[in-house]
Each structure stands twice: as C-alpha cells, then as structure tokens.
There are 2 protein chains.
Amino acid sequence: MARPRKFDEERAVDAALEAFWTAGYEATSTQDLCEATGLGRSSVYNTFHSKRDLFRRALALYMRRRSEQLAALLEEDVPAREKVRALLDSVIAEETGAEDDGRGCLYVNTAVELASRDPEVAHELERDYARRHDALTAALEAGRRAGDIDRAKDASALAHFVTATVSGIRVAARAGAGEAALRAVARTALDAI
Amino acid sequence: MARPRKFDEERAVDAALEAFWTAGYEATSTQDLCEATGLGRSSVYNTFHSKRDLFRRALALYMRRRSEQLAALLEEDVPAREKVRALLDSVIAEETGAEDDGRGCLYVNTAVELASRDPEVAHELERDYARRHDALTAALEAGRRAGDIDRAKDASALAHFVTATVSGIRVAARAGAGEAALRAVARTALDAI
DNA sequence: GAGTTTTTGTATCGATCAGTTCAAAACGCG
DNA sequence: CGCGTTTTGAACTGATCGATACAAAAACTC
C-alpha cells in the first residue's frame with residue numbers, strides 16, 4: 001500500500017531499552033533515544049507516539065526477557081534450593097560484573113523512579129511481580145514436596161523472601177557493598193530457606 | 001556587618017529534602033525547590049550554590065536522621081533479635097503507611113537514581129552504608145555473645161543480610177507487594193538470624 | 001508510470017531546564 | 001544618619017526538554 005519501514009521495530013525497542021536501562025527514564029532524552037535507535041525524531045514519534053510509550057514498550061521487553069530467564073533457571077532438574085542459589089549467584093554476577101557498569105536492574109530502577117507517579121507503570125510492575133512470584137512459589141512448593149525445602153515453611157512466603165533478597169542484593173551493590181558482602185547476604189538468605 | 005538572612009538554613013534544607021524525597025533528584029526542578037523552601041532563586045543559589053550541592057546537603061541531613069533513629073533503636077535494652085524485628089517492623093510500617101504516599105527511602109532512591117553517575121554521592125552512600133553496617137554488626141555481635149544469636153553465625157554477615165532485607169522490603173513495597181507479603185519477608189528473614 | 005499512502009529529514013514549536021545578572025532593599029555599624 | 005555589606009526579587013541567559021509541522025522521498029497498487 002505504501003512506503004515500508006526501513007528499520008526493525010523490535011530492534012529499536014531493544015536499543016531504547018539499553019538507553020533507559022543505562023541512564024534511567026528522566027535522564028534519557030528523546031535525542032538520546034534517536035541516537036540509540038538510529039532513527040530520526042519523526043520515525044520515533046510516528047512509531048512509538050511518545051517517550052513514555054516507548055519506555056513502556058522497552059520495559060515490557062525487559063520483563064519478558066527476565067521472565068524467560070527465570071523460567072529457564074527454574075526448569076533445571078536440580079533441587080529447589082539449588083535453583084535459588086543459582087538465582088542469587090546470577091544476580092551477584094550481574095551486579096558485580098564489569099560489563100554493564102552499574103546500571104542495575106531496570107525493574108528495580110523503575111520501581112524506585114517511576115512507580116509512585118505513574119499508575120500504569122506501577123500496575124505493570126505489579127503484574128510482573130505476581131508472575132515471578134507465582135513461578136518461584138511453584139518451584140519452592142515442588143521442593144517442599146520433594147523434601148529439600150523445610151515442610152514447615154510456606155512456599156509463597158519463601159518466594160516473597162527470595163524476591164526481596166534479590167532486590168536487596170541489587171540495592172546493596174549500588175550502595176557500595178562489595179562482592180564479599182553480597183555473597184554473605186546470599187549465604188545467609190539460603191540458611192532461611 | 002550586613003543584612004541578615006530572614007530564613008533558617010536548616011529549615012530550608014529540610015524543605016528541599018522533602019521535595020527531593022518525594023519526586024527524586026531529576027524530577028525536582030529548581031523552581032520546585034524555591035517553592036518548597038519559600039526562598040527566591042537568588043537566596044537558593046547564594047546559599048547552596050547549585051541544585052546538586054543542595055541535594056547533597058539534604059541527603060546528608062536525611063542520613064544523619066536515619067543514623068540517629070537506628071542508633072536509638074539499637075540502644076534499647078532488648079535482645080539483638082528483637083532489635084532486628086523492631087527495625088524490620090518500622091520499615092514495613094513506613095512503607096505501608098499512608099502518610100508519605102510511596103516516596104520510599106531517600107537512601108534507596110538515591111542509590112538507584114544517582115550512584116552510578118555521581119561518584120561523590122556514591123561515596124557518601126558508601127560511608128553511610130559502612131556506618132549503618134558497623135552499628136548493626138556491633139548489636140548483632142553483642143547478641144551473639146549474649147546467646148540470643150546463633151554463635152555459629154558471623155555478625156558482620158548477618159548485618160549485611162539485615163541491611164539487604166530492609167532494602168528488599170522497600171523495593172518490594174514499591175513494586176506492589178502487599179503488607180502481608182512484606183511481613184512474610186520479615187518473618188522469614190528473622191528465621192535466618 | 002500516475003496516483004496514493006506512509007516514512008523520513010529538517011526545521012521548529014512553546015515550555016522548561018539550571019544558573020546568572022544586577023540593582024534595589026535591608027540591615028549592622030560608626 | 002550614611003556607609004559598607006549582604007540579601008533579595010525579578011528579569012533574563014543559552015541550552016535543552018518533549019513534541020509537532022510540513023514537505024520531500026520512497027514504495028506499493030493499479
């Protein structure tokens with residue numbers, strides 16, 4: 001019917017994700033987004049309508065990828081406790097690795113920067129929280145039945161605890177706690193499971 | 001010698017703290033700061049030199065108050081475990097209370113929003129982290145000697161863990177976890193201590 | 001290849017950003 | 001009172017913010 005696009009929409013969202021992830025929502029300008037995606041202003045606004053809409057697309061992409069990662073980790077054929085250990089280890093590796101220069105986790109960043117003043121973003125964060133919680137709860141409940149998790153414990157409560165521990169490690173890493181401190185946190189948390 | 005100020009500097013810092021705490025650093029404009037403090041632009045810049053300097057003053061004030069609160073809590077004549085319980089309870093009360101409308105904790109907010117791109121702010125966060133860690137470690141070590149904390153555990157590791165749990169609860173609260181979930185996190189964390 | 005529709009580049013919008021300028025106003029001191 | 005010093009208010013700086021206008025360019029249909 002008409003002139004086709006010469007860029008891939010998903011790749012553009014991915015590039016925007018990188019920009020938002022690195023600098024945060026407010027600190028990323030529309031100019032930064034143009035440069036990151038390689039698109040002109042018209043293409044950005046024609047395709048994504050506003051900075052906020054593009055951010056929500058990027059956040060959704062981020063959440064989908066994280067969900068897939070978590071699902072893959074929980075599918076491993078190891079005891080539930082080892083799944084939690086692997087999860088905490090991966091978080092520590094991510095936060096202490098030099099690759100990403102302290103950009104942290106977009107989910108945590110967004111919860112802190114935007115959730116209190118954007119109800120729709122807050123709602124998406126809640127949905128993602130619930131999804132991750134359900135996946136973790138199922139894995140922990142399976143472990144409880146299998147016997148490697150204390151039967152006296154509640155799987156849902158443990159899942160909330162694991163999620164909070166992940167966030168706690170991420171914030172501690174940003175506040176300057178060293179890798180040894182983060183490992184101590186993970187070790188202590190595993191004692192509680 | 002000359003014309004005196006007709007405002008109280010500390011009160012102005014306090015008002016700026018409220019503004020930064022509520023909206024974050026980037027989202028608080030210098031105009032917002034003028035309105036919050038009741039000062040004119042000239043007075044703000046004459047006294048505090050820049051938005052960033054005023055923020056650092058506000059952050060220092062916030063940290064000093066939190067340190068005093070923590071010190072008061074740790075001075076109570078109760079077992080160390082009960083001190084930790086009281087600390088976690090106070091965090092949950094703060095995060096679920098309607099008073100402050102989800103502004104969270106300025107320390108966590110700053111760690112996430114600014115630490116990666118402002119080395120001096122990051123350094124002050126590290127100092128505060130170390131100070132809180134030392135206070136917590138001392139209290140836990142005393143509890144360990146008194147016997148209400150497992151002697152096999154390391155006080156410093158537990159202190160890192162408690163700090164991470166506090167941050168984890170705060171982030172979870174922002175991401176939409178309910179009060180019951182936060183209480184489950186606190187209960188599980190206490191099991192590990 | 002003409003006509004239609006969408007994309008794209010450029011130029012620009014008004015608003016707001018952090019920060020400065022400058023002179024008038026307000027005080028302490030002699 | 002009047003001099004010296006500082007604070008204060010208001011106007012204003014250039015830069016940048018998110019978003020838009022518009023016409024040229026590109027590609028599909030017929």
Side-chain angles (χ1 to χ4, degrees), chain A residues 1-60 106 109-110 113-114 116-121, chain B residues 1-60 109-110 113-114 117-121:
Chain A
M1 287 275 266
R3 177 178 178 177
R5 291 206 177 124
K6 76 177 175 203
F7 64 91
D8 180 64
E9 195 167 313
E10 177 107 354
R11 289 180 90 86
V13 174
D14 194 10
L17 166 57
E18 289 292 317
F20 282 127
W21 192 356
T22 300
Y25 179 78
E26 291 283 347
T28 302
S29 69
T30 54
Q31 184 60 33
D32 293 334
L33 293 169
C34 291
E35 288 163 13
T37 58
L39 306 183
R41 304 184 71 74
S42 296
S43 298
V44 170
Y45 277 92
N46 185 39
T47 310
F48 302 109
H49 310 108
S50 72
K51 174 182 172 180
R52 178 171 171 273
D53 282 10
L54 177 51
F55 177 78
R56 292 180 60 187
R57 285 281 300 268
L59 180 62
L106 184 63
N109 301 355
T110 303
E113 186 185 1
L114 286 184
S116 65
R117 55 195 166 97
D118 191 323
E120 295 192 297
V121 166
Chain B
M1 284 278 267
R3 178 176 177 178
R5 293 208 174 121
K6 74 179 176 204
F7 66 91
D8 181 66
E9 196 167 313
E10 178 107 353
R11 288 180 93 86
V13 174
D14 194 10
L17 166 58
E18 289 294 316
F20 282 127
W21 193 356
T22 301
Y25 178 79
E26 289 284 346
T28 302
S29 69
T30 53
Q31 184 59 33
D32 293 334
L33 293 169
C34 290
E35 286 163 15
T37 59
L39 306 183
R41 302 183 74 71
S42 296
S43 299
V44 170
Y45 277 92
N46 185 37
T47 310
F48 303 108
H49 310 108
S50 73
K51 175 182 173 181
R52 179 170 170 273
D53 282 9
L54 176 52
F55 176 79
R56 293 180 60 187
R57 285 281 300 267
L59 180 62
N109 300 355
T110 303
E113 187 186 359
L114 286 183
R117 54 195 166 95
D118 190 324
E120 294 191 299
V121 167

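Chain identifiers are assigned alphabetically (A, B, ...) following the order of the sequence lines, protein sequences preceding nucleic acid strands; residue numbering begins at 1 within each chain. Side chains included, hydrogens not; waters and symmetry mates left out as well; all remaining heavy atoms used.
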Fill in the blank from the handout: Between the CG atom in L59(A) and the CG atom in L54(A), the distance rounded to the nearest 0.5 Å is 11.0 Å
Problem - Integer-rounded Å distance: dT20(D) P and D53(A) CG - result: 11 Å
Problem - Length of the line joining K51(B):NZ and dT16(D):C1', which is rounded to integer Å - result: 13 Å
Handout entry: Sub-4.5 Å side-chain heavy-atom contact between V13(A) and F48(A)
Key = yes
Fill in the blank from the handout: With five pairs defining each end axis, the helix from dG1(C)-dC30(D) to dG30(C)-dC1(D) comes out bent, to 10°, by 10°
Exercise for the section: Could you tell me whether F48(A) contacts a base, only the sugar-phosphate backbone, or nothing, with contacts defined as non-hydrogen atoms closer than 4.0 Å? Expected result: nothing
Exercise for the section: Please report the shortest heavy-atom distance between A19(B) and A36(B), naming the atom on each side. Expected result: CB-CB, 4.1 Å
Exercise for the section: Measure the distance from CZ on R5(B) to P on dT8(D) and round it to the nearest whole Å. Expected result: 7 Å
Problem - Listed nucleotide nearest any side-chain atom of T30(B), set dG9(D), dA18(C), dG18(D) - result: dA18(C)
Problem - Donor-acceptor under 3.5 Å (T47(A) side chain, V44(A) main chain) - result: no
Practice task
Please report, rounded to the nearest Å, how far the P atom of dC17(D) is from the CG atom of L33(A).
Solution key: 10 Å
Handout entry: For the student: nearest non-hydrogen atoms of Y45(B) and T30(B), plus distance
Key = OH-CG2, 3.2 Å
Completion exercise
Here the distance between atom C1' of dT7(D) and atom CG of D8(B), to the nearest Å, is 16 Å
Practice task
Figure out the CZ/P separation between F55(B) and dA18(C), and round it to whole Å.
Solution key: 14 Å
Fill in the blank from the handout: When rounded to whole Å, the CD to P distance for the pair E9(B) and dT8(D) reads 11 Å
Handout entry: NZ or CZ of K51(A) within 45° of Y25(A) ring axis and under 6.0 Å
Key = yes
Exercise for the section: State, with a plain yes or no, whether a side-chain heavy atom of F55(B) is found less than 4.5 Å away from one of L114(B). Expected result: yes
Problem - Which residue lies more 5' along DNA chain D, comparing R52(A) with F7(B) via nearest heavy atoms - result: F7(B)
Fill in the blank from the handout: Residue pair K6(A)/H49(B) against DNA chain C: nearer the 5' end by closest nucleotide is K6(A)
Problem - N/O donor-acceptor pair under 3.5 Å between D32(B) side chain and S29(B) backbone - result: yes
Fill in the blank from the handout: Closest non-hydrogen atoms of E26(A) and A27(B), given as atom of the first, atom of the second and distance, are OE2-CB, 4.3 Å
Completion exercise
Expected list for residues 35-47 of chain B near DNA chain D, using heavy atoms below 4.0 Å, is G40(B), R41(B), S42(B), S43(B), N46(B)
Exercise for the section: Rounded off to whole Å, could you give me the CD-to-P distance for the Q31(B) and dA15(C) pair? Expected result: 15 Å
